[in-house]
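Data block below; observations after.
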Amino acid sequence: MSTQVSAGKHTVEQVEAVTIRFVGDSGDGMQLTGTEFTRASALAGNDLATFPDYPAEIRAPAGSLYGVSGYQVNFGAREIHTPGDAPDVLVAMNPAALKTNLADLKPGGMLLVNAGAFTAANLEKAGYKTNPLEDAALTQTYKLVPVDMNKLTETALAGSGLSSKEVARCKNYFALGLMYWLYSRPIEPQLEAIQRKFAKKPEFAAANAAVFKAGHAYGETSEVFYQRYQVPKSKLAAGTYRSVTGNFATALGFATVARLTGRQVFLGSYPITPATEILQEMSYFKEHGVVTYQAEDEIAGIGSAIGAAFGGALACTSTSGPGLALKTEMMGLAVITELPLVIVNVQRGGPSTGMPTKTEQADLLMALFGRHGEAPMPVLAAQSPADCFWSAIEAMKIATKWMTPVLLLTDGYLGNGSEPFKIPSLDELPKLQVKYQTVPNYADGAQYMPYLRDDKLVRPWAVPGTPGLEHRVGGLEKDSLSGMVSYDGMNHERMVKTRAQKIRNVVEDVPDVETFGPASGDLLLVSWGGTFGAVRGAAEELQARGKAVSHVHLRWLNPLPKNLGEVLKRFKKVFVPEVNDGQLAFYLRGKFPGVDPLQFNRINGKPIKIGELVGKVLEVL
Amino acid sequence: MSTQVSAGKHTVEQVEAVTIRFVGDSGDGMQLTGTEFTRASALAGNDLATFPDYPAEIRAPAGSLYGVSGYQVNFGAREIHTPGDAPDVLVAMNPAALKTNLADLKPGGMLLVNAGAFTAANLEKAGYKTNPLEDAALTQTYKLVPVDMNKLTETALAGSGLSSKEVARCKNYFALGLMYWLYSRPIEPQLEAIQRKFAKKPEFAAANAAVFKAGHAYGETSEVFYQRYQVPKSKLAAGTYRSVTGNFATALGFATVARLTGRQVFLGSYPITPATEILQEMSYFKEHGVVTYQAEDEIAGIGSAIGAAFGGALACTSTSGPGLALKTEMMGLAVITELPLVIVNVQRGGPSTGMPTKTEQADLLMALFGRHGEAPMPVLAAQSPADCFWSAIEAMKIATKWMTPVLLLTDGYLGNGSEPFKIPSLDELPKLQVKYQTVPNYADGAQYMPYLRDDKLVRPWAVPGTPGLEHRVGGLEKDSLSGMVSYDGMNHERMVKTRAQKIRNVVEDVPDVETFGPASGDLLLVSWGGTFGAVRGAAEELQARGKAVSHVHLRWLNPLPKNLGEVLKRFKKVFVPEVNDGQLAFYLRGKFPGVDPLQFNRINGKPIKIGELVGKVLEVL
Amino acid sequence: MSTNGQNVNTALPTYTKKDFESGVDPRWCPGCGDYSIINQVQRALPAVGVKRENIVFISGIGCSSRFPYYMNNYGMHTLHGRAPSFASGLKVSRPELQVWIVTGDGDALAIGGNHFIHAMRRNLDLKMLLFNNRIYGLTKGQVSPTSELGKKTKTTPHGSPDYPFNPPALALGAGATFVARTIDVEGAHMGGVLKAAAEHKGSTLVEVFQNCPVFNDGAYEFLTDKAVKADALLRMEQGKPLVFGKDGKKGIRFNPQSAELEVVTIGENGVTEKDILVHDAKREDPTIAFMLANLSMKPGFPTPIGVFRDVRMPTCEELTWQIIDGAKAKKPDASLEKLLAGGDTWTIG
Amino acid sequence: MSTNGQNVNTALPTYTKKDFESGVDPRWCPGCGDYSIINQVQRALPAVGVKRENIVFISGIGCSSRFPYYMNNYGMHTLHGRAPSFASGLKVSRPELQVWIVTGDGDALAIGGNHFIHAMRRNLDLKMLLFNNRIYGLTKGQVSPTSELGKKTKTTPHGSPDYPFNPPALALGAGATFVARTIDVEGAHMGGVLKAAAEHKGSTLVEVFQNCPVFNDGAYEFLTDKAVKADALLRMEQGKPLVFGKDGKKGIRFNPQSAELEVVTIGENGVTEKDILVHDAKREDPTIAFMLANLSMKPGFPTPIGVFRDVRMPTCEELTWQIIDGAKAKKPDASLEKLLAGGDTWTIG
Ligand SMILES: Cc1ncc(C[n+]2csc(CCOP(=O)(O)OP(=O)(O)O)c2C)c(N)n1
Ligand SMILES: Cc1ncc(C[n+]2csc(CCOP(=O)(O)OP(=O)(O)O)c2C)c(N)n1
Ligand code: SF4
Ligand code: SF4
Ligand SMILES: [Mg+2]
Ligand SMILES: [Mg+2]
């Protein structure tokens with residue numbers, strides 16, 4: 001849906017939503033360009049979602065295929081659930097970037113290319129025998145706009161006194177200026193942002209501003225564009241927003257917990273892609289009551305957190321697949337001691353080291369079942385970058401309320417992707433109460449029994465420093481009252497069942513699932529975690545096409561929401577799309593005998609695409 | 001069923017099967033007594049099964065309740081599947097042993113007690129206010145036979161020159177002699193065994209022989225026994241037998257693999273109860289081509305095995321729950337590199353450190369799903385102590401044939417329990433072929449492609465030392481041919497699916513399940529692993545009672561046998577007894593939509609009892 | 001008030017040994033060296049000047065690691081090898097607590113080696129008691145990383161092919177600021193070492209030679225046997241010359257030519273007391289401590305007990321909280337509102 | 001024939017550097033120190049006298065750990081920190097192979113610390129190259145166990161509260177028999193060290209100071225900068241006095257009074273060349289090696305490069321196979337039948 005208005009010598013087309021992908025060499029500053037453009041879209045009141053796609057190498061050789069770095073943003077006047085399927089516009093800064101990304105561009109889409117980078121050397125590095133820009137097929141399939149940004153940047157900076165290397169570094173601002181023009185963005189905020197960013201290096205501030213303006217002017221003056229576009233404000237709820245990645249949101253959530261409770265939040269962690277940013281970001285929240293500890297490995301990461309939890313801290317640990325594997329034994333200890341702890345697992349491509357920089361949802365069964373012995377724990381999964389904030393708070397709330405470790409699953413796509421986060425007012429935040437036992441609880445106040453439970457089966461939490469409540473916890477099976485070692489068989493059976501029942505009781509804090517769409521119908525899409533956006537998008541599209549398709553999203557995987565079994569049975573078919581080989585589908589079969597979901601499994605390191613999913617659903621409807 | 005014959009002044013009652021439990025202080029030598037009596041039963045041609053039950057403490061204070069050590073043996077003329085439910089005879093060497101074991105004795109069972117140990121001090125340590133032997137209720141419920149073994153032993157050794165401590169140590173041989181008499185065993189083999197055992201200390205040989213004979217004579221001459229018993233030879237297949245524990249059988253299986261293939265078997269391991277004996281036993285098999293390496297931890301244990309596997313060894317690692325948890329990350333590496341490896345997990349009570357000396361079956365879901373990413377591997381479970389031998393060989397066969405890690409599950413009950421093992425002739429052993437790639441396999445012999453698969457999807461195995469086949473393997477996703485790092489999304493999806501399909505292909509080596517009993521009926525008992533004996537026993541009993549109950553046992557858990565789904569559907573009810581909280585039951589639900597098994601879950605650290613299970617099945621029939 | 005809101009500022013009660021007994025009977029084998037160690041620890045604690053509820057004992061898995069269950073303090077019996085990781089987190093989180101680690105040679109140095117060296121390196125104020133019986137006790141007799149080369153055990157029936165660690169040397173290599181050694185049967189000596197350990201601020205290793213009568217009986221007879229003891233044991237005392245032997249005439253001299261330590265006899269070959277190396281555990285340079293730690297590896301040399309090194313350096317938890325307090329001081333007006341609304345924002349509606 | 005049936009007894013080809021290049025282009029950042037290291041390794045290998053197919057490179061995870069992919073040998077790129085575990089198993093299983101480990105400071109000393117110290121202790125003949133850039137490269141700039149106290153990194157934005165490891169000191173504390181250090185930009189020096197490492201039999205640590213121009217640029221400028229180099233670097237050479245400085249007049253002297261090393265100037269205060277400590281890496285006692293390893297921690301002292309220690313002792317794999325061969329020799333008639341029918345047996349039917 002688009003409408004035409006006129007602006008200056010160019011028409012301005014109004015569009016509902018646009019997906020743009022910036023791609024270039026690792027050194028081309030594409031992440032910055034993408035982020036800056038995203039901010040402009042946010043300030044313009046669009047809803048949006050982004051997805052950066054880094055190369056696995058830190059800094060690959062210039063011009064190489066594997067050194068291409070990309071940033072995709074989807075912004076719109078309507079609700080945006082994902083960073084978009086195929087981009088409408090591809091901004092490619094060199095041949096390698098073109099080669100690796102062209103196939104994704106929508107047929108008829110705009111292809112803005114830095115023609116200056118299409119030198120013989122670069123073409124060869126990208127494996128092009130001939131210059132693709134001279135290929136007629138390209139112009140037939142796409143709206144090709146070749147611009148020699150290298151030269152135009154040089155021209156803009158002639159006499160600036162910068163070295164040619166420094167000049168070359170500015171060219172991403174040319175592309176950014178051009179895109180500002182194309183999407184009718186006001187340039188002042190960007191100019192201010194440049195001043196802020198380069199406050200300490202005014203010569204670079206001036207240079208980048210000049211190049212940015214040159215790019216903008218080029219749009220206006222050159223004859224290559226016939227129209228501009230405008231994406232109207234979306235109907236986002238009123239409020240103040242900021243853009244957050246999932247990892248930042250997770251960190252922010254934990255820091256918020258520290259503020260809400262006035263207690264220390266302790267993160268024991270070890271760096272691992274794509275979870276490292278949680279540790280990094282939290283180390284900036286010291287003034288809010290966050291203590292971070294970079295341990296020698298993942299085992300010590302969670303170990304330090306359990307130690308801190310014993311001491312009364314609100315403890316958490318963050319990692320990704322291989323690290324979660326290493327924490328397995330420790331998680332069992334947290335289960336049997338019944339200490340509160342949040343384990344964040346930012347899933348990535350597996351198995352083993354796998355594809356660290358790519359996303360996947362293949363740790364679900366491990367999260368649910370990957371511990372020896374009977375060691376159940378609550379598991380929840382964030383559904384979007386901003387939801388990581390709410391999930392972190394919720395996980396910590398459950399952990400402390402129920403005295404249990406909680407596993408929070410996110411993934412590389414959520415962790416690195418971003419979206420607008422509506423800053424909550426203080427009373428929108430959950431009430432968090434953390435209370436320690438301070439007096440004996442047994443034999444008329446003569447004794448402390450660390451495993452004496454309340455009616456919800458929760459044990460008390462007494463911390464060192466509390467006189468009279470000295471006690472011991474440990475990994476051996478324990479007496480159901482005193483916590484002392486017990487090898488009694490029936491005590492063990494009772495403890496196993498009690499721990500399991502306690503976790504089942506958590507269901508009282510798990511909201512029922514809401515069905516998006518009619519309460520019954522032909523097909524129910526069931527998703528969990530990071531595929532929320534794509535599946536919701538697909539559901540909307542299918543509903544728009546008049547299909548009797550609804551959508552249920554699971555934030556809680558254990559316990560499963562009370563009403564889920566019933567909801568599933570109201571549909572002729574249940575369809576589970578996942579970025580794995582069918583883990584939720586298997587789990588649902590095991591949990592709801594009779595339910596046998598259809599599956600769609602994409603395991604190519606990327607989020608599921610709405611279009612692809614719609615197609616698959618149509619096939620089986 | 002029993003018949004009476006007469007022997008000397010005592011009648012001899014023929015009995016079909018008997019369960020005897022020897023219990024005493026850790027220092028009382030009950031493990032030795034049990035083993036010796038078991039050997040006598042084996043030599044007498046009985047089928048049998050045993051189960052030792054050690055205290056968790058190394059050497060608890062004398063007379064304490066938690067220091068009681070027990071050994072149960074079930075022997076019979078018929079096929080014996082388990083060490084027996086409730087013992088027919090309880091031999092209790094002190095008050096603590098009586099206190100902790102009496103409840104298990106069959107009503108009307110024989111209670112042979114060392115009355116000499118029922119001193120005031122020992123009674124107090126056991127928490128008895130009065131001497132239970134003087135309690136009328138005891139004599140009413142059981143056939144109480146109090147014998148002052150302390151004194152009789154002293155008498156037998158009067159003038160031997162041994163210290164009173166040394167004399168006291170001999171009293172278990174008194175009990176043994178008495179039991180020999182009671183069960184009509186010839187004493188010569190035992191006298192020879194004593195000579196062998198104490199070859200280097202002739203004074204102890206003489207003393208123990210004297211006490212043993214005194215015990216035997218006591219049976220004959222004293223007036224306390226009215227009859228003797230005899231258990232006829234069982235119909236065990238003809239052959240030569242030896243008694244094996246499951247852990248020893250596992251070790252023997254691996255050593256056999258070394259002999260069968262002429263290749264080095266490499267065990268990298270770290271001690272952990274109840275798996276330690278595998279490492280210990282294998283370290284005695286050096287002359288057969290076994291190399292053992294006690295690593296610094298479990299991670300290095302499996303790491304060293306993977307390193308050795310890369311070098312061409314037939315590699316394995318052994319552990320129990322907490323150790324398996326630590327090996328999780330490494331197992332993923334074995335999956336993605338596709339190197340052959342057997343991981344033996346001797347399950348114990350969990351979660352966490354749990355109950356190290358108690359048995360459990362609660363690592364099944366972890367074995368199947370406890371790895372990050374999509375990391376399937378074959379999983380099989382041994383069904384009896386002797387079957388550990390066959391399972392170890394089978395696991396290694398699958399590992400090398402399919403180039404994959406294989407998980408072999410046993411448990412503490414199998415590992416420590418023993419049964420007769422029919423020594424196979426060489427042609428009863430499987431054929432094992434291990435072949436390495438020695439020539440390039442690609443581009444007309446110009447190149448080696450380590451991930452070029454055969455029609456079963458198996459990759460070749462080229463080992464260092466082979467010129468021209470130099471190549472690299474690793475944990476990152478790899479190109480489907482060269483094995484070089486690949487971040488290509490579609491290559492990843494292909495590799496994930498290919499690895500999964502390869503493991504599914506293993507089903508060609510998984511025998512169909514056999515249904516014990518009619519092919520259809522009211523109820524099908526489904527078991528896996530160490531509960532085989534109890535469940536088979538229950539099935540026999542239920543069938544004997546005319547119930548339409550059959551039994552299927554799963555040795556292979558992944559892949560599941562081809563015909564399983566069909567077999568399950570032929571019964572009105574499926575019933576899964578497990579020593580866990582319902583893991584196989586869940587797995588079957590997930591695998592066979594529509595199948596919703598009933599469960600019986602015992603999690604008290606002990607094997608399931610036949611009687612208990614029969615009762616539960618009758619309730620639901 | 002502590003960081004977790006517990007009141008820790010009331011007066012210190014007068015304790016006796018009994019106050020540190022949990023009332024649970026220890027379940028070690030009769031004759032186990034662990035009994036005398038716990039005895040000494042419970043005797044030493046009343047004088048340490050820290051309230052019972054502010055002391056935490058953390059252990060791994062092993063016979064030795066059952067220790068916390070028998071102490072009347074806060075305690076954790078954790079996972080094999082991992083005790084230092086819990087202790088580190090707890091200490092960083094709540095630096096006001098006194099945190100002890102109890103561990104065995106297998107626990108600390110086999111599976112737990114990494115946490116061991118990192119705790120030493122970081123100089124966290126953690127007091128580690130390492131019960132070294134040179135065997136795996138709890139699992140019934142396998143080779144440990146401190147078992148001697150060639151040692152026959154259940155897993156090395158033909159002898160061990162592994163060289164052992166020397167725990168004090170390893171700790172010094174990792175950067176430990178306090179390293180000491182004592183023996184289970186030397187009660188008074190142990191008491192002194194425990195006192196010094198309690199007083200030290202920073203990473204603290206106390207190796208205790210411990211006899212396991214069941215699986216490695218007599219491992220330290222070469223030191224504890226009355227007949228050889230005097231010549232075999234070198235008691236290091238701060239500020240005193242390193243002398244030993246029945247009549248105290250043998251001594252340790254540093255030979256600058258060979259740059260090695262040597263055993264000399266005072267009164268022979270012109271050796272006087274002045275030639276004997278004076279023990280100084282306070283030397284910042286760890287070289288001499290390292291040399292003494294390695295002394296017992298050399299044939300003909302005695303085995304030193306006492307404190308090898310005792311140097312005060314800012315601890316990791318002190319530095320951590322300096323940084324945190326610094327960050328807080330820089331942003332005195334930090335608040336939840338500011339936290340949430342930080343960074344670039346925009347407003348809609 | 002090797003233990004796994006591969007023929008390893010044919011003649012040794014004459015290799016050039018190219019023979020050790022896998023043909024895959026290294027993917028390190030431009031200017032990364034790793035390039036010069038691989039260059040030196042590929043140059044050194046032809047002279048080592050081992051066939052290409054008998055050399056295995058095993059690494060963990062990190063920038064440095066990509067190394068095996070660029071070498072034309074057998075190779076494993078394994079898990080973070082675990083390289084020594086694979087290498088140990090492979091070496092014990094097949095002692096005839098030459099096994100190299102390539103690792104980073106995080107890989108070897110953070111998550112991999114336990115395998116590191118155990119490999120050193122056991123004296124397995126494993127040749128470890130530790131690329132020490134004092135930062136986590138691959139994960140983009142977090143503090144590592146060799147980062148300096150107070151270092152600002154992405155995870156320690158206000159400075160690190162952790163003291164660093166000194167890898168040679170740690171290795172010596174763990175019992176390493178060969179310990180050396182070199183620098184990425186000192187090609188010739190590295191060549192010499194690599195040669196010595198290849199020739200040594202036993203646990204081998206070569207620490208390579210490596211610049212990470214992206215996340216920790218200039219970490220070693222205090223050593224490599226032309227202006228300061230001569231005074232900052234102490235080149236240890238076997239049998240030669242430990243002299244340094246522009247004119248080679250500065251030297252290291254052992255002060256027997258303080259029992260410490262000190263920097264002196266030849267020709268000043270009566271110091272002559274004879275006073276200077278002569279370097280001897282072959283000393284069995286590790287004390288002086290340890291002292292030199294710690295030298296750079298002291299203000300005013302130069303940083304030593306070269307070989308700290310090089311001592312031959314029976315290796316773990318040698319001892320293991322001695323034991324195995326012994327067991328085999330004792331039971332020359334062992335067979336499958338005997339294996340199966342061992343122990344007590346009885347016959348039925
Ligand atoms: C992860 C794990 N691996 C192995 C074990 C088994 N285990 C328990 S204690 C122990 C070694 C004990 O030796 P040490 O630390 O020397 O303590 P000791 O019993 O001698 O005091 C082992 C291997 C375990 N509990 N957990
Ligand atoms: C189990 C696990 N934890 C964490 C990581 C993430 N990770 C990969 S490399 C690395 C550190 C790299 O630092 P270093 O060893 O110094 O190597 P460099 O990149 O500096 O060469 C980390 C933390 C991982 N891959 N696996
Ligand atoms: S096994 Fe050894 S260390 Fe363990 S309790 Fe017994 S005597 Fe002590
Ligand atoms: S990040 Fe540093 S260490 Fe890694 S490749 Fe780049 S320059 Fe080298
Ligand atoms: Mg020990
Ligand atoms: Mg590094």
Side-chain angles (χ1 to χ4, degrees), chain A residues 25-27 31 54-67 125 165 251 267-287 290-301 318-323 325-326 348 350-354 356-357, chain D residues 24-32 34-35 59-66 69 76-82 105-116 133 135-145 147 151-162 165 212-216:
Chain A
D25 212 51
S26 304
Q31 300 304 323
Y54 310 98
E57 278 70 27
I58 306 299
R59 209 157 282 181
S64 68
L65 287 173
Y66 59 87
K125 279 186 210 159
K165 213 169 152 188
L267 176 76
S269 186
Y270 186 76
I272 184 167
T273 306
T276 310
E277 293 81 12
I278 298 175
L279 171 59
Q280 291 177 178
E281 298 294 352
M282 283 179 75
S283 66
Y284 281 96
F285 290 146
K286 293 191 170 61
E287 65 272 19
V290 173
V291 175
T292 57
Y293 173 74
Q294 182 177 321
E296 56 270 28
D297 59 20
E298 281 86 353
I299 299 177
S318 52
T319 193
S320 183
L326 288 167
R348 67 188 214 186
S352 195
T353 314
T357 54
Chain D
V24 174
D25 283 339
R27 295 193 176 180
W28 291 302
C29 306
C32 178
D34 293 0
Y35 284 104
S59 66
I61 300 285
C63 294
S64 33
S65 288
R66 290 296 174 88
Y69 280 117
M76 299 182 85
H77 177 246
T78 68
L79 300 181
H80 192 34
R82 313 298 173 191
D105 44 322
D107 194 58
L109 300 175
I111 192 166
N114 203 29
H115 313 304
F116 175 87
N133 55 13
I135 197 83
Y136 288 1
L138 191 68
T139 47
K140 308 191 178 175
Q142 299 79 27
V143 70
S144 111
S147 300
K151 176 94 183 173
K152 291 191 179 172
T153 71
K154 282 194 190 153
T155 46
T156 55
H158 311 88
S160 165
D162 288 359
F165 277 134
C212 167
V214 177
F215 296 111
N216 198 18

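Everything quoted here is computed from the prediction, not taken from an experiment. Residue numbers start from 1 in every chain, and the chains themselves are labelled A, B, ... in the order their sequence lines are given, proteins ahead of strands.
- The two residues A/Tyr270 and D/Gly106 come nearest to each other via the heavy atoms OH-O, 4.0 Å.
- Proximity to chain A is limited to the side chain of D/Cys63, based on heavy atoms less than 4.5 angstrom apart.
- For the atom pair OG1 (A/Thr273) and NZ (D/Lys140), the distance works out to 7.0 Å, reported to the nearest 0.5 Å.
- For the atom pair D/Arg82 CZ and A/Asp297 CG, the distance stands at 6.5 Å (nearest 0.5 Å).
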Next on the checklist: One pair to check against side-chain contact (heavy atoms from CB on, under 4.5 Å): A/Leu326 and D/Ile111. What are the steps and the verdict?
Outcome noted: CA-CA 11 Å; A/Leu326 288 167; D/Ile111 192 166; 4.0 Å; yes

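- Across A/Lys286, A/Glu298, A/Glu281, A/Glu277, the residue that shares the most heavy-atom pairs under 4.5 angstrom with chain D is A/Lys286.
- At a 4.5 Å heavy-atom cutoff, D/His77 makes no contact with chain A through either its backbone or its side chain.
- For D/Pro26, the part lying near chain A is the backbone, with the side chain staying farther off; criterion is any non-hydrogen pair under 4.5 Å.
- Interface remark: of the candidates D/Gly112, D/Cys29, D/Pro30, D/Cys29 forms the most heavy-atom pairs closer than 4.5 Å to chain A.
- Atom CD of A/Glu296 sits about 8.0 Å away from atom CZ of D/Phe165, to the nearest 0.5 Å.
- Remark: D/Lys154 NZ to A/Ser283 OG distance equals 11.5 Å, nearest 0.5 Å.
- Using a 4.5 Å heavy-atom threshold, the side chains of A/Ser352 and D/Leu79 count as touching.
- Among the candidates D/Thr155, D/Thr153, D/Thr139, the single residue satisfying the side chain to side chain contact (heavy atoms under 4.5 Å, CB included) test with A/Gln280 is D/Thr155.
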